[in-house]
Structures are given as C-alpha cells and as structure tokens.
Amino acid sequence: MKKQHLRGCKETESPPNITIKGILGLLMESVDHSDDKQVISLGMGDPTVHSCFSATVAAQEAVVEALRSAKFNGYSPTVGLPQTRKAIADYLSNDLPYELSADEVYITAGCTQAIEVALSVLARPGCNILLPRPGFPIYGLCAEFRNIEVRYFDLLPDNGWEVDLHAVEELADHNTMAMVIINPGNPCGNVYTYQHLEKIAATAKRLAIVVIADEVYGHLAFGPNPFVPMGTFGSIAPVLTLGSLSKRWLVPGWRVGWLATTTTVGTLKNAKFVERLKKNCDICGGPATFIQAAVTGIIQGTQDMFFKKNIRLLKQTSDLCYQKTTAISCFSCPSKPQGSMVFMVKLNSSMLKDISDDLDFCFKLAKEESVIILPGSAVGLQNWLRIMFAAEPSSLEEALERVKSFCDRHAR
Ligand SMILES: *Cc1c(COP(=O)(O)O)cnc(C)c1O
C-alpha cells in the first residue's frame, strides 16, 4: 500500500511528497530480520551513528559549562543570543570579502528551520521558487506548505552537477522570488568552482531574484575545488546563507543553525525585510538557550586537527565508495564526490533481470542484503541512487560487497 503510494508519485515530474526519513522508514521495514546480517544504512545523512565521526570533547564541555552556569535557563531573544550571532558572524566573515555584523545573523533550530524562515520570509501571493533537481526534499515540502509554486532546474551530471543556467533563465518570471543552491552538494557530492558560483550570482542579478545558499556542508570539501561561500558574490546579487553546526561539527542533534544576509546589495537590508525576518523568528523560537550560549566555546574550542581528521576520513571513505561502486557493472558515476557526505550513482536496471527501477532496487536490496540506500526518486532523479559515505570504512566495505553480490545475483 505504502509502496504503491511511492510508485504513484514517481510518475510525476517533481519528487514524491514523501520525506527522506519517510522512505528510509519504509526501507527499514522491508529488512528481513530472519537472517543474521547486521543492517547497514547508507541512507540517512547522520554520520554520528558511526563512532569514527564523533563530536569533539571541547564542544561537549562548552555545552556542559553553559548549562552548569545556570545563566541560560531563560528565553533568548528569538533572533538568537547576541554573543551567538556575533560568533557566527565572525565565523562566516573569515571567508567573505566583507565583514558581517551580528545583527545580520539569525540563529535557528538547525539548518532545517533556516530553510523554513527563508521561504516564509520571501513568500508572496502567486510567487514561485526555483529548486535544484536532484535536490533536498525539505525545500519542496516547505514550499508546498507556504503555497509557493516550485519549478525545478536540472543539475548536469556530466558537468560536475553544475546548474543548468539556461533552464534557470527559462523558468524564471516576474513572480520568481529565489533560487536554491546547495554547495557542497547534497545529494550530488559536488563542490562548485568560484567561476560557476559567480555565474549563478550574475544570473540571479539579471533575474532580480535572491540566491538561497544552503551551505550546511560548508568546508566539507576534499577534492580539487576549494569551498567558496556564495556570500563571496553578495555584492552582485542578494544572498541568504543557511548553515548549521550539524554536519561540520558532527552534532546534528544539537539543533543549532543560522540564516545570514550575506550581501551588500540593498534588498535584504531594508527595514521591512528585516522586520519580516524578526517576526518569522518570533514564530519559530530557535534552539535552546544554553546550547546557543555554548556556540562561541564550540567554535573557538574546536581544534583545526578535528576538521582535518574528518576531511581525511571523508576523502578516504568517498574514494573507497567511488571505487567500489564504479566496479559494479550496472552502476555508473559521472563524477567523483568532492564534498559533503553523499553522492549519486546511476543505476542501469536493464542489466538486471528482475529489477524495474531504483525503488525496486532499494526495497529488494533492503530485504535481501539488509543494506539501506536511498532511491534517487526521493531526491527527484529516477533510476539513480544516493549513497552516504560518512560511515566506518569497514561497514562501507561490507555494505558495498553485499550490494555487489546482490547485483551479481540479479544480473541478466
Ligand atoms: C542536513 C541538511 C540540512 C538540515 O540541517 P540540520 O542542521 O540538520 O537541520 C539542510 N540542508 C541540507 C542540504 C542538508 O543536507
């Protein structure tokens, strides 16, 4: 019944109205527990289930200290504690050609709430938003609840998943309010060049739209392209930067995120817009005060070694994943992952005798091998798979061995 619902959805142009968590839940239910295979999930982007990806002690101590001080048991301002806004402003300014001030940063409950605030604050009657395909389904879901029409532009697999800027120009009209860029990319594992980001900004300027830059994977880049924040081009187009501690600091459960007006052009600076932003924050609330109070300590107390170690590990696990998947004949991968914790692999189901598509592949794989992989349909791309590589190397190896024997068994 539920599976049928998914099937019905994939006939449409846009991603199905089910969240990643929803699909992964269904996949988990199809695991056959009668064999003794341990379940390995390469589905959800939560690296903390693997012990090699754990938060630093310094971060934990900052939280404990903030809590013990008993100074942060009350409400914080809904836009965030002043010292937290300042800490994030300083952190982001390190990589920007201009200085961000504390009052240009709004503290949210994870990047998820920053998405909600960004879309709510920009929404107008009859407006539309341009979203990447493949993409991150929360954007589509949130837009739907805000009555924002969604239009998808393609990311081009053979061009390092760059934005099809022609499509963006074609899709936009006078009701378009924003386009979303996720860099480093989920689900594609891409890291955009300076030049491509500059072109995106120039396009947004021409179309008079805001760039919503989802940089939740900021600095998690381990390939040839360095991470360049979209705010670098904040003098060309209005940019809203979204981020969080979740991925880089490996604390997704702490729910600290932000939205920053990383731009020097007027639109996002005018008093009316700032007022709308504040009102939206009043509705949302934001993260717990003592967690906010710890942010300065978390950022200042985290050693460079922690980031370097994680980048090294992500490079290692992504290389391993890329090698193992490209060695499977019904898979192909147009570009090696360069960033984030996930990447996309193309499935050639015509090489398999009894697998109809990506959903069928993932459900049968879960049942027969106890390996969970996200079907591409969940992120808007049929007959692709999204694989999460932020996992223990030994688990990754084991999981991909099982995927290989599954493909061998079902080969034509
Ligand atoms: C994980 C993720 C988010 C949500 O981040 P949280 O801080 O956990 O709310 C937003 N956007 C993308 C692209 C993500 O991968």
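Indexing begins at 1, ligand by ligand and atom by atom, following the structure's order.
A perpendicular orientation is assigned to the rings of Trp249 and Phe307, their planes being inclined by more than 60° (bins at 30° and 60°).
Geometric assessment of Arg85 against the ring of Tyr106 yields a positive cation-pi assignment under the 6.0 Å and 45° thresholds.
For ligand 1, the atoms sitting less than 4.0 Å from at least one non-hydrogen atom of Gly110 are 7 (O), 9 (O), numbered in the order shown with element in parentheses. Of all the atoms in ligand 1, the ones that sit under 4.0 Å from a non-hydrogen atom of Asp214 are 10 (C), 11 (N), 12 (C), 13 (C). Close approach of ligand 1 to Ser244 (heavy-atom distance below 4.0 Å) involves ligand atoms 7 (O). The ligand atoms of ligand 1 that sit less than 4.0 angstrom from a heavy atom of Val216 are 2 (C), 5 (O), 11 (N), 12 (C), 13 (C), 14 (C), 15 (O). In summary, the atoms of ligand 1 found under 4.0 Å from a heavy atom of Ile182, numbered by their order in the structure, are 13 (C). Counting atoms of ligand 1 from 1 in the listed order, those under 4.0 Å from a heavy atom of Asn186 are 13 (C), 14 (C), 15 (O).
At a heavy-atom distance under 4.0 Å, only side-chain atoms of Ser246, from C-beta outward, approach ligand 1. With a 4.0 Å heavy-atom cut-off, ligand 1 is reached by the backbone of Thr112 and by its side chain too.
Comparing heavy-atom distances from atom 2 (C) of ligand 1 across Glu215, Met44, Lys247, Glu116 singles out Lys247 as nearest.
Protein heavy atom in closest approach to atom 8 (O) of ligand 1: Arg255 NH1, 3.1 Å. Given atom 10 (C) of ligand 1, the protein heavy atom at minimum distance is Phe136 CE2, 3.4 Å. For atom 5 (O) of ligand 1, the nearest protein heavy atom (residue, atom name, distance) is Cys111 CB, 3.3 Å.
Salt bridge Glu149/Arg151: present, at least one basic N to carboxylate O contact under 4.0 Å. Ionic pairing of Glu162 and Lys199 is not present here: no N-O contact between side-chain nitrogen and carboxylate oxygen is shorter than 4.0 angstrom. Salt bridge Lys278/Asp282: absent, no basic N to carboxylate O contact under 4.0 Å. A salt bridge between Glu116 and Arg146 is present, with a side-chain N of the basic residue lying under 4.0 Å from a carboxylate O of the acidic one.
Between Tyr139 and ligand 1, no N or O atom pair is found at a separation short of 3.5 Å.
Inter-residue side-chain proximity for Pro229 and Glu215 is flagged as met; some heavy-atom pair is nearer than 4.5 Å.
To the nearest 0.5 angstrom, Met344 atom CE is 5.5 Å from Trp161 atom CH2.
Checking side-chain atoms of Thr108 against main-chain N and O of Trp258 turns up a donor-acceptor pair under 3.5 Å.
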